[in-house]
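Taking it in order: structure first as structure tokens, then the write-up.
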Number of protein chains: 2
Amino acid sequence: MDHTRWLDADEQRTWRAFLTANRLVLDRIERQLSQDSGMPLAYYEILVRLSEAPGHTLRMSTLASTALSSRSRLSHAVARLEEAGWVRRRACPTDRRGALAELTPEGMAVLEAAAPGHVESVRATLFDHLSPGQQAALREIVETLIGALSETPEWPAAQDATCATDARR
Amino acid sequence: MDHTRWLDADEQRTWRAFLTANRLVLDRIERQLSQDSGMPLAYYEILVRLSEAPGHTLRMSTLASTALSSRSRLSHAVARLEEAGWVRRRACPTDRRGALAELTPEGMAVLEAAAPGHVESVRATLFDHLSPGQQAALREIVETLIGALSETPEWPAAQDATCATDARR
DNA sequence: GCTCAACAGATGAATGCTCAACTACATTGG
DNA sequence: CCAATGTAGTTGAGCATTCATCTGTTGAGC
């Protein structure tokens, strides 16, 4: 019994174009950032989030849920950023198992140096090619998706399969 | 002189939502495929392309430019797919430096087994949340981007910096 | 015909990400 | 107050991708 709801021709085309466009856009952004500032987009985003936080400091878990998801990824990333001297780790005063990440002045300087080139490439890659109507439509679409997908966990950021072991008891 | 064309509030919001939505969508698709079929999306796409080719065979470079870009990536990927037995490498009869990739019957079977779950997850992740109008708008937007970005090489798939050494002669 | 640049692929090191443990602390229920 | 469970974060192995480099082949110009 094959009750698969296959994609029709239009959907196929949309899906493949979606994948291709994403790759084209993100590859460019990522490449520009890597070449000009020596950091991947994910690290840039971490610095941005920290720069916007009060005291340039954020709890690890907060930072993880803000656009980054996986805790493991953040740990590795912050470890590298700390080596580079852009970020410093501090103990959380209220919760002794917590950790705070703080943007250093050097990190702030690097971020400020990277920002213009990055913004320019975002503009040149994405916005310059879309009409105001398309930009509005794009925003509506992606916000719809975020609403739909972040409220339906299914596998939210729950990377720990701790549940799997006890679920059938 | 700071002539950076910064993003205004609307653009900021669109860009961040774009990044978030992409991550949400692709993470789900990728996770479903990895869990249920043990392969990343990139490999699945290679199998799809081969399955659609005459004789289930495609030249490596053709396969690379079809949705995959980087030649190096394809080499590594096909090496893994060959280990798994989904793909076989053959010599190109007309060009002795070329190589052909051929989908094996086992690879075809694996692809057919993986397809329903993948399609279902694409539907559940993307299409089910978008109105027909949004789907049409999305397609128009991503096709616009593809048109704009693939015609402007800048760094198309030209990963080889051979030009850099002679450009200034 | 030879030379030299372009092309097709492969390869290895380095990097970032995922997954599955694991440690340490906190919190809840009895 | 103590056990059990949940939470915060780290760590290391495995894998995919990237970059730079390298080999071998083709093709164009002299």
- Query: Taking B:Ser121 for the side chain and B:Ile29 for the main chain, is one N or O donor matched with an acceptor at less than 3.5 Å?
  - Reply: no

- For B:Arg89 and C:dT11, give me the distance from atom CZ to atom C1', rounded to whole Å. 11 Å

- Provide the full list of ring pair (Phe, Tyr, Trp, His ring centres under 6.0 Å) pairs with a residue in residues 13-70 of chain B, sequence neighbours left out, each pair given once. B:Trp15-B:Phe18, B:Tyr44-B:His118

- Message: According to salt bridge (Lys or Arg N to Asp or Glu O under 4.0 Å), does anything in residues 121-138 of chain A pair up with another residue at least two apart or in another chain? List the pairs.
- Response: A:Arg123-B:Glu11, A:Asp128-B:Arg5

- Message: Between C1' on C:dA10 and CE on B:Met60, what's the gap in Å once rounded to a whole number?
- Response: 9 Å

- Query: Ion pair present between A:Glu30 and A:Arg23, side-chain N to carboxylate O less than 4.0 angstrom?
  - Reply: no

- Message: Rounding to an integer number of Å, can you tell me how far A:Leu33 CG sits from C:dG16 P?
- Response: 12 Å

Report, one line per pair, each donor and acceptor closer than 3.5 Å where one atom sits in a side chain of residues 142-149 of chain B; sequence neighbours left out.
residue  : atom : partner  : partner atom : Å
B:Glu143 : OE1  : A:Arg13  : NH2          : 3.2
B:Glu143 : OE2  : A:Arg13  : NE           : 2.8
B:Glu143 : OE2  : A:Arg13  : NH2          : 3.3
B:Thr144 : OG1  : A:Gln134 : NE2          : 3.3
B:Thr144 : OG1  : B:Glu140 : O            : 2.7

- Query: Roughly, in whole Å, what's the span from CZ in A:Arg59 to C1' in D:dT10?
  - Reply: 14 Å

- Taking for each residue the nucleotide of DNA chain D bearing the nearest heavy atom, is the 5' side occupied by A:Asp27 or by A:Thr62? A:Thr62

- Would you call A:Arg16 and B:Glu52 a salt bridge, using N to O less than 4.0 angstrom? yes

- Item | Most 5' of B:Leu100 and A:Gly38 on DNA chain C, judged by nearest nucleotide | B:Leu100

- Query: Hey, is the side chain of A:Ser34 pairing donor to acceptor with the base of D:dT18 inside 3.5 Å?
  - Reply: no

- Query: What's the shortest heavy-atom distance between A:Thr62 and A:Thr66, and which atoms?
  - Reply: O-OG1, 2.7 Å

- Nearest heavy-atom approach of B:Leu19 to A:Glu45 is CD1-OE2, 3.9 Å

List, with names and distances, any nitrogen or oxygen atoms from the protein found under 3.5 Å away from nitrogen or oxygen atoms belonging to nucleotides 13-17 of chain D.
residue : atom : partner : partner atom : Å
D:dA16  : OP2  : B:Arg80 : NE           : 2.7

- Just how far, in rounded Å, is P of D:dA20 from CD of A:Gln35? 8 Å

- Task: Indicate the atoms forming the closest heavy-atom contact of A:Ala137 with B:Ile141, along with that distance.
- Result: CB-CD1, 4.1 Å

- Closest nucleotide among D:dT11, C:dG12, D:dG9 to the A:Ser72 side chain: D:dT11

- Note on the structure: Paired to C:dG29 by Watson-Crick or G-U wobble criteria (both distances under 3.5 Å) is D:dC2

- In whole angstrom, give the distance that lies between atom CZ of B:Arg71 and atom P of C:dA6. 14 Å

- Contacts satisfying ring pair (Phe, Tyr, Trp, His ring centres under 6.0 Å) that involve residues 71-112 of chain A (not counting sequence neighbours) are none

- Query: Does B:Ser61 place a side-chain N or O at less than 4.0 Å from the phosphate oxygens OP1/OP2 of C:dC7?
  - Reply: no

For nucleotides 24-27 of chain D, print each protein N/O atom paired with a nucleotide N/O atom at under 3.5 Å, atom names and distance only.
residue : atom : partner : partner atom : Å
D:dT25  : O2   : B:Arg97 : NH1          : 3.3
D:dT26  : OP1  : B:Arg96 : N            : 3.3

- Message: Could you tell me how far apart A:Leu81 (CG) and D:dT10 (P) are, to the nearest whole angstrom?
- Response: 12 Å

- Message: Please classify the nucleic acid contact of A:Ser75 as base, sugar-phosphate, or nothing, using heavy-atom distances under 4.0 Å.
- Response: base

- Query: Between B:Arg90 (CZ) and C:dG9 (C1'), how many Å, whole number?
  - Reply: 18 Å

